[in-house]
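Handing you a structure now.
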2 protein chains.
Amino acid sequence: MLRAMAVKMADIAADLHVSVVTVSKVLRNKGRISESTRQRVLQRCRELHYQPNLIARSLATRRTHTLGLLLPDFTHPFFAQIAKSIAQTARARGYHVLISYFDEDPAIEISEAQTLLARCVDGLILASAQSHGRSEFFRMLARRRTPFVLIDRHVPGVRASFVGVDHVEIGRMATTHLLEQGCRHIAHLRGPDLGIADDRLRGYRLAIEAYELRAIPDYVVDAGFQTQTGYDAMRAFLNPRIKLDGVFCYNDPIAVGAIKALRESGHRVPQDVAVVGAGNVNYADALEVPLTSIDQSPDEIGHEAAKLLLDQVESESSRRRNRTVVVPHRLIVRASTQRSSLRRGDLRPGRKLGTALRRTGVRVGRPPG
Amino acid sequence: MLRAMAVKMADIAADLHVSVVTVSKVLRNKGRISESTRQRVLQRCRELHYQPNLIARSLATRRTHTLGLLLPDFTHPFFAQIAKSIAQTARARGYHVLISYFDEDPAIEISEAQTLLARCVDGLILASAQSHGRSEFFRMLARRRTPFVLIDRHVPGVRASFVGVDHVEIGRMATTHLLEQGCRHIAHLRGPDLGIADDRLRGYRLAIEAYELRAIPDYVVDAGFQTQTGYDAMRAFLNPRIKLDGVFCYNDPIAVGAIKALRESGHRVPQDVAVVGAGNVNYADALEVPLTSIDQSPDEIGHEAAKLLLDQVESESSRRRNRTVVVPHRLIVRASTQRSSLRRGDLRPGRKLGTALRRTGVRVGRPPG
DNA sequence: CTGAAAGCGCTAACAC
DNA sequence: GTGTTAGCGCTTTCAG
């Protein structure tokens, strides 16, 4: 299709019998320009609805004012929120964000990163699915000298800034919360990602050991990362002979599936089994059983990552101090774990609070370690 | 910060004692090139990890292979899904998507559209918040000759392709469903957007009139577009003296809020009041009361919009037949309206199905019109 | 088959 | 204050 010729600087310049440079200077407020020509130029630009061609400008300045953002899936509320926060921070500083996704496929991640670089993004933000940082991919990134920062998922061995929560602490906090609610037989429906899921598992173990209990390997089961896989995993785990009074789920979708499975097989949540998720996904408090979860501050992650990256992009010196920003996580307690001062024997469909007592051996408050 | 010089065609050309043009031709599979030089070029490109500079290419070809996407909020699951579907379709054809948002602010929408155009996107997809198509904004778009398609929200008077559901039909389908469930006092919690919300309201009225009932203006109340505003609107509406047995909500978040308000004031959902939403947002079936909703086919919207736009972008001729694609909507029945063959008097906490009867005057099946 | 010349629309550096 | 010259890295056209 024949596109219309957009008006360009040369048109303005010709109309006004000035040079292109003069127009350019006016538009960028650079150099010395008399007020009169300045006004004439501005006027004509308005009349002709002139819009500078940013592609041409980018080629000349070697700056696109574009950040690349590479995510597993920007449909996921957690990442969507991060993306928005990045876009917001970037917009305030005159940048746009080119978002791409790779559906957890490391190969697609690499090829997308490459085209993002080919498009000359000024910097890159990456929630990577690469398993290690010594790969050709990260060497390529380093060679390119385009600044980049990793978010959410730390990749071992990568020399770059990182912004995200402490996943070990999330595992510990979630599990400790269950312990504080009196749970003593806590399963963990773990996720698939090597790094994060391992960290959360570690936190789970640390919390249990801090209570001088034993973490039983059988109580850790793989649960994918979706409601359906969480449901399946929970069903497969349930067994009349197995004791269970708490479940720490890798994420909220899994937790939703787990709760469904539990209720279907006659367990009451939270009275029989308390369930905690992670991610604090939208609608978590409109669920059938409002879900206790751990918020991972997506806004802060996005904001901090964008700020860090933009500072690197805009700094003239090549000081590239890699920084690690750990954003806060916090427990959001909802109904799925609310049984604080109840012992199992005391629980009836109706509330019977006053009668609850803590048995010896159950430590209250912060556990040691 | 001093960025490293990336390797460019001139480097390859110099190394191989050929011209830049030759390299360019090899890389684009154009023109006649001997197999030997072809291989030498490819080889050297690989060795030097050459990546073509797409900015430079864009300047020369006047094609960026970038689509602009302007949404009210890409964090909203409906739009997020559309965005993903667009990105997917675009990627398959070698395009990226530059996504931007405007938080329902028409002024931001305009300025963002302008920078997207300044960045020379090849086409634009727009879920617009503009109220009419005869504005300077759309004249500007037309002047630019950059093809664009409107999605989800039709803007009256705009000459462009449109892809979306039929909002009148959605209102009619939702309301008819409530009527078929036996509801006779149906409120509508309406949304704020001029166009869409009005269309749905129209559908609501049509459905009611098709049952030879009267649509009472008081039963239509403004409910914003969020859970909280839906909750507030429902609370404000509830009144012991007002008869109510069904609510059609503009969207799912409002419906979630409405259900909460209803239950808090002692109404059972769906036994006393049936509730239907629209949008079929994620997690709708994990909610406290699984929500009946109308799915709006975000994937089809995204896919069709991208396809339409790319066809326009890539067509050499200037045939710009504007097309309107109405994607299907469908009712997803869940618990919030499941009381098909019950009359109000028959309802008890436990099910008492067999006894239900339809009264005269209640037509079964498709209403006339 | 290959390459020289010109240009995409803008900016940077330096004259005048 | 303003203009000239020389690119940015690529593609296009056309001559050889």
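Just so it is clear: chains get the letters A, B, ... in the order the sequence lines come, proteins before strands, and each one is counted from 1.
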Query - Atom pair distance, as rounded to whole Å: NZ in A:Lys25 and C1' in D:dT4 - result: 10 Å

Requested in this report: Starting at atom CG of B:Asn53, determine the distance to atom P of C:dC8, rounded to an integer number of angstrom.
Outcome: 18 Å

Requested in this report: Determine: side-chain N/O of A:Arg62 to OP1/OP2 of C:dT11, distance under 4.0 Å, yes or no.
Outcome: no

Query - Separation of D:dG9 P from B:Tyr50 OH (nearest whole Å) - result: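 Taking OH of B:Tyr50 and P of D:dG9, I get 10 Å after rounding.
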
Requested in this report: Would you classify B:Arg28 as touching base, sugar-phosphate or nothing, given that sugar-phosphate means primed atoms plus P, OP1 and OP2, and contacts are heavy atoms under 4.0 Å?
Outcome: base

Query raised in the report: Within this structure, what is the CZ-to-P distance between A:Arg38 and D:dT2, rounded to whole angstrom?
Result: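 After rounding, the gap between these two atoms is 11 Å.
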
Query - Residue B:Ala60, side-chain heavy atoms: nucleotide from D:dT4, C:dC10, C:dG7 that is nearest - result: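 For B:Ala60, the side-chain atoms sit closest to C:dG7.
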
Query raised in the report: Would you say the side chains of A:Gln51 and B:Gln114 form a donor-acceptor pair under 3.5 Å?
Result: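 On atom types as modelled, these side chains do not qualify, holding no pair under 3.5 Å.
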
Query raised in the report: When you check the side-chain N and O atoms of B:Arg91 and A:Ser100, is any donor under 3.5 Å from an acceptor?
Result: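 Short answer, yes.
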
Requested in this report: Ignoring backbone atoms, establish whether A:Ser24 has a side-chain N or O less than 4.0 Å from OP1 or OP2 of C:dT11.
Outcome: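 Looking at the OP1 and OP2 atoms of C:dT11, one of them is under 4.0 Å from a side-chain N or O of A:Ser24.
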
Requested in this report: To the nearest Å, give me how far apart CD1 (B:Ile12) and C1' (D:dG9) are.
Outcome: 13 Å

Query raised in the report: Among C:dC10, D:dT12, C:dA13, which is the nearest nucleotide to the side chain of A:Val21?
Result: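 Out of C:dC10, D:dT12, C:dA13, the nucleotide with an atom closest to A:Val21's side chain is C:dA13.
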
Report summary line: Atom CD1 of B:Ile55 and atom P of D:dT11 are separated, to the nearest Å, by 13 Å

Query raised in the report: For residues A:Gln43 and A:Arg40, is any side-chain donor paired with an opposing acceptor at under 3.5 Å?
Result: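 No, A:Arg40 and A:Gln43 have no side-chain donor paired with an acceptor closer than 3.5 Å.
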
Query raised in the report: What nucleotide, of D:dT2, C:dT2, D:dC10, holds the atom closest to the side chain of A:Ile33?
Result: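 So the nucleotide nearest the side chain must be D:dT2.
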
Report task. Tell me what B:Arg32 touches on the nucleic acid: a base, only sugar-phosphate, or nothing, going by heavy atoms under 4.0 Å. Result ->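 Base, at least one base heavy atom under 4.0 Å.
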
Report task. Remember a base hit wins even if backbone is also touched, and classify A:Thr37 as base, sugar-phosphate or nothing at under 4.0 Å, heavy atoms. Result ->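 Sugar-phosphate contact only - A:Thr37 comes under 4.0 Å of backbone atoms but never of a base.
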
Report summary line: Walking DNA chain C from its 5' end, the first of B:Val18 and B:Thr61 to be reached, judged by nearest nucleotide, is B:Val18

Requested in this report: Would you mind classifying the nucleic acid contact of A:Ser34 as base, sugar-phosphate or nothing, using non-hydrogen atoms under 4.0 angstrom?
Outcome: sugar-phosphate

Requested in this report: Return yes if a side-chain donor-acceptor contact under 3.5 Å exists between B:His303 and B:Ser85, otherwise no.
Outcome: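 There is no such pair between these side chains.
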
Query - Interatomic distance where NZ belongs to A:Lys30 and C1' belongs to C:dC14 [whole Å] - result: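 To the nearest whole Å, that distance equals 15 Å.
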
Requested in this report: Could you check how far CZ of A:Arg57 sits from P of C:dT11, rounded to whole Å?
Outcome: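 Interatomic distance, CZ of A:Arg57 to P of C:dT11: 5 Å.
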
Report task. Report, as yes or no, whether the 6.0 Å neighbourhood of atom CZ on A:Arg134 holds more than 12 heavy atoms from other residues, nucleotides or ligands. Result ->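 No - once you tally the heavy atoms of other residues, nucleotides and ligands closer than 6.0 Å, there are 12 at most.
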
